[in-house]
Amino acid sequence: MSRTDNVNSTGLAADGSQFLTFLLEEEEYGLEILRVQEIKGYSKITPLPNTPREVKGVMNLRGSVVPIIDLRARFGLREAEYTRFTVIIVVTVGTKIVGLVVDAVSDVLNVEAKEMVPTPDLGAGVDTSFLTGIARTGDRLVSLLNIDRLVGVSAGSGPAA
Amino acid sequence: MRIDPTRYRKTFFDEAADHLAAFEGALLRLEKGPHDPDAVDEAFRAAHSVKGGADAVGLPAVARFTHALEGILAQARTQPNPLARQTLDLLLEALDILGRLLTAAKTDGPLPAALDEMVTRLTTVLAPPTEYAIRVTPHPDALRAGLDPIPLLRELIGLGEHVRTVIDALALPSLARLDPERCYLAWTVYERTTRPRTDLEAVFAFARDNLHVTIEPVEAAAPAVPVAMPSPEVARAVPQSTIRTLEPPSLERAGLIGEFCAEASDHLEAADRCLLTLDADPTDREAINAVYRGFHTIKGVSSMLGMDAVRELAHEAENLLNLARDGKVVLRGPVLELVFASVDTLKRQVEAAHTWAVDRVPLPPDASIPGLLDRLRSAASGVADGTPTHLEQPAASTAPAASLIAPPTPPGNTQSPPPASTPVPEVGGTSAKARKVVDKETVRVDKDRLDRLINTIGELVIAQSMAQQEFDQLNGSSGVLSLALPELSKISRDLQELGLSLRMVPMQGTFQKMARLVRDLARKMDKPVELTLHGEETELDKTVVDQLGDPLMHMVRNAIDHGLESPTERLALGKPVEGHITLRAYHQGGSVYIELADDGKGLDRDRILKKAIEKRIVQEGQRLTDPEIYAMIFEAGFSTAAAVTDVSGRGVGMDVVRRNVEALQGNIIIRTQIGKGTTFTIRLPLTLAIMDGLIVGLVGDVYVLPLLSVVESFRPRPSEMHRVAGRGEAVTVRGEVVPLLRLHQILRRPSRFTDPCHGLVVLVEDQGKKYALLVDELLGQMQAVVKSLDSNYQRVEGLAGATILGDGRVAMILDIHGLVQLHAQFGAGAPELVANDSNTHFGDLS
């Protein structure tokens, strides 16, 4: 619960924190590092029938059945072939464990509070609800993801009819 | 700081728990056969050990309490006569308080409220207390000698009930001549105590040189009555003020309350059971005692937890039971109803208390409590009024404190005890019979931990089979055999079986609830019903048992309301007036069967069919088998009842029944005969954690079908395939036309065969209807460890869950009912759906 304590009204961590960054179609995104349980290489995934497109299926993670969500599909990007560099970031969302398929993991980033800016309004066409903000370090721009919203929304939607 | 004795506390608590158990065992033996010096010895030793240990680890409150306990037993050891019934009750009560005291000490919680009262009662129970006048005159130089008389006086006062202290200041000089180091005062302490005089003298044993003590009994003082008398007033004054809404408890307390709730429910359940026994035989002393003890324990704990409403109710109910114990009240008719109502209300309040503790919300008292209290009180006092021979008893009936200690008959000198203790030998006789079923020792385990254990075992089994596969691959052709792997396999399977058996609980609790329901409904509807229970000991997974109560309840209601005719009808039909309902549970072939049979009017096939056509569930002229027609009563809103009563309207609850049973992967079979009765048989898997499954394949995908719903599998001939206009495809199986469901179509996955005559058809059953499921191939059978999808994701239509295969892959477990519904949604959709984007990237790689 300490996590919510240091989040101020803008939704940004007040005193800075660490993020795991990953690449998705050349863009860099950040996930709060405390939410990351592990990083796994791609392994066998059993498809889940009649679920949204981004839900690629489920994986056996040491006896737990964990859903795998493709972030490219989630963001409506062109879906890529899975290669041996394809990586699954296993994160915790509440009591649930979810795997996220990304292009590659890049870095662990320390972001100071002053380096974070709230998400700019990008117009009606762009859904920014699952971003907590943007971190600017040097000349890099990293979009910080609100994992609960990102996965919660997709987990809440019913199966594709 | 000195060496901290608290380090040894953990050991002490562990040991104390054992001692307590031994103590309780000894007391219960004494209850059965009072002439058992060994049991007294054992109880004494237990109390003594706890006392010594408590002293050593610095728990003075525990030591003091056990000292009082030990006192009684020490005296009992020296006496040839058995312990009186009241003394035993008191000891049992004291034991409970000791248990709570230990818990409180362990958790640093507040001391039980009843502690001091109990100590007093323990010390008064032995003999009528004597009042002593103890005159203490310190030597003038006592203070100089280092003696402080005040602690000694305090100790003295602690030995019994303090009446008053008179200070003798006659020797006090004027201030000018006062030497502050001299002692001028003398005291006379009036103390009422059951302790022997030597105990009083012992207080001053080390101060003999410096003070002069005389101890003399005060003759005029009345014995115990003043001790006991104040409590009735207190008890009477309390009710108005205590029943109020309680604030949310503190965190530590919430834990204790949770424990209490679990314990209290057990007691109430047991009480229910015994009340049913009493309903049949109101004189069963064993049952009365058991109910009494239940109320008593609840009263004690709730009072410690400050749950006054519960305490009050338990207290009044206990009083009534106490009268029943003494034979002054017979538990039948309205009185028994009253006790039943008390149990119910307590159940509700305990349930509410659980929420109170868990969700930390205020706890309002149950609305029925005040009325119930009044009725309980008037029931108790009415009895006392009606029997003027027991003129002293009204006071006792409203205050258990008084009834337990007064009259304080010392065990030694009552040879002709009051009526209360006459039936003692008889109790010993019946209890030997009643307690034939020996309680097994049990340990309460957190359910989460148990689930984790079972999950971990499941993983072990999977890991073991993966290891086996790897080994086989590595040594496939070389013919090398492993000695360890088969051994490991056997052990892990044993472990799995054992793990699952941990979750198995007998049906007894559920059956008992039904017994109670039958009893209540029979009364309500004026239909005498005799219920026969068989196989209550049949064990079933706890999760299954928990979800079975609801459907069973609906079925029982239905059976009584609609199944059984009214007594007049029955008489006219030449049937016995009393309706018969049999509830039976048994194991057969890896499943559990629960059977509910009534000897009522049976299901009217034609009437159901007519209704079904009316409701457009079936079309006129449609040919249906009898089971299909009977299964109609499970349709939502289907009721053939001429009049809907407030108990049930045949069908309202029945769809709930089927849904619940099918959610448990079970099914229901109905057998009925007009005029003879109906039998519902529920078939359930032993556990939901493991499922026997049939593995089927679609290209690379592997799915598991619950074996329970599989009828057979076959490859149809082209001549057996039909296209029914507008109603999709069907297969003829031995003359029966069964709709065809293409699994790949429903799941939108690729398949190798789209022609059923090349693939394979599995005949499955859902809600009494058959379906033909087209798959590519059969891959085998497995015992699937069921993993839910919603633990990390959500429920997916058509899937009952997932399981992990021997090679570590995840396979989906199919939910036939869900598949049928999906099929209905899509209609017999276009085969084009098959290719639709389902060949994902994941599919490519795997």
Side-chain angles (χ1 to χ4, degrees), chain A residues 37 40-73 77-86 88 90-101 103 151-161, chain B residues 452 454-463 466 698-703 743-750 785-799 801-805 807-814 818-819 822 825-826 836-846:
Chain A
Q37 184 182 309
K40 279 189 68 81
Y42 175 83
S43 66
K44 270 181 205 156
I45 288 175
T46 305
L48 268 180
N50 298 325
T51 48
R53 204 164 61 99
E54 67 262 26
V55 180
K56 287 301 155 192
V58 289
M59 187 178 71
N60 168 17
L61 187 73
R62 289 183 300 279
S64 296
V65 176
V66 173
I68 304 298
I69 291 169
D70 187 324
L71 280 192
R72 277 178 169 270
L77 302 172
R78 182 182 53 81
E79 288 182 47
E81 288 272 310
Y82 292 131
T83 67
R84 45 199 189 90
F85 301 108
T86 306
I88 295 174
V90 181
V91 295
T92 51
V93 182
T95 58
K96 301 190 173 185
I97 303 170
V98 177
L100 304 173
V101 182
D103 290 357
V151 179
V153 166
S154 107
S157 66
Chain B
R452 283 214 308 271
I454 290 165
N455 276 342
T456 314
I457 293 173
E459 282 165 44
L460 174 76
V461 171
I462 291 160
M466 283 166 76
L698 278 183
V699 197
D701 294 354
V702 173
Y703 296 93
L743 184 62
H744 64 94
Q745 227 172 57
I746 295 169
L747 300 180
R748 307 190 188 200
R749 299 291 302 162
V785 178
V786 182
K787 308 259 173 186
S788 87
L789 284 173
D790 39 346
S791 65
N792 282 319
Y793 183 55
Q794 63 182 21
R795 272 194 62 89
V796 178
E797 245 182 295
L799 302 183
T803 187
I804 293 168
L805 299 174
D807 60 1
R809 265 193 306 163
V810 179
M812 294 302 151
I813 300 172
L814 298 174
L819 290 179
L822 281 173
Q825 264 176 39
F826 292 124
N836 175 14
D837 177 46
S838 48
N839 215 350
T840 61
H841 316 281
F842 289 91
D844 294 342
L845 268 176
S846 53

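Residue numbers start from 1 in every chain, and the chains themselves are labelled A, B, ... in the order their sequence lines are given, proteins ahead of strands.
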Check your understanding: Quick one: what part of A:Val66 sits under 4.5 Å from any heavy atom of chain B, side chain, backbone, both or neither?
Key -> both
Study note, to complete from the structure: Rounding to 0.5 Å, atoms NZ (A:Lys44) and CG (B:Leu805) come to a distance of 9.5 Å
Check your understanding: What is the distance from atom CG of B:Asn792 to atom CE of A:Met59, rounded to the nearest 0.5 Å?
Key -> 10.0 Å
Check your understanding: Considering only heavy atoms from C-beta outward, does the side chain of A:Leu48 approach that of B:Leu799 to under 4.5 Å?
Key -> yes
Review point. Does the side chain of A:Val65 reach to within under 4.5 Å of the side chain of B:Leu789, using non-hydrogen atoms?
Key: yes
Practice item. Select one option (side chain, backbone, both, neither) describing which atoms of B:Asn455 are under 4.5 Å from chain A's heavy atoms. Key: neither
Practice item. Could you tell me whether a side-chain N or O of A:Lys96 sits under 3.5 Å from a main-chain N or O of B:Tyr793, the two making a donor and an acceptor? Key: yes
**Study point:** Under 3.5 Å donor-acceptor, A:Asn60 side chain and B:Val810 backbone
**Key:** no
Check your understanding: Who among A:Gly94, A:Pro67, A:Ser64 has the most heavy-atom pairs with chain B under 4.5 Å?
Key -> A:Pro67
Review point. What closest approach, in Å, do B:Arg749 and A:Pro47 show between heavy atoms, and which atom pair accounts for it?
Key: NH2-CG, 3.1 Å
Point to revise | side-chain contact (heavy atoms from CB on, under 4.5 Å) assessment of A:Val58 paired with B:Met812 | key: CA-CA 9 Å; A:Val58 289; B:Met812 294 302 151; 3.1 Å; yes
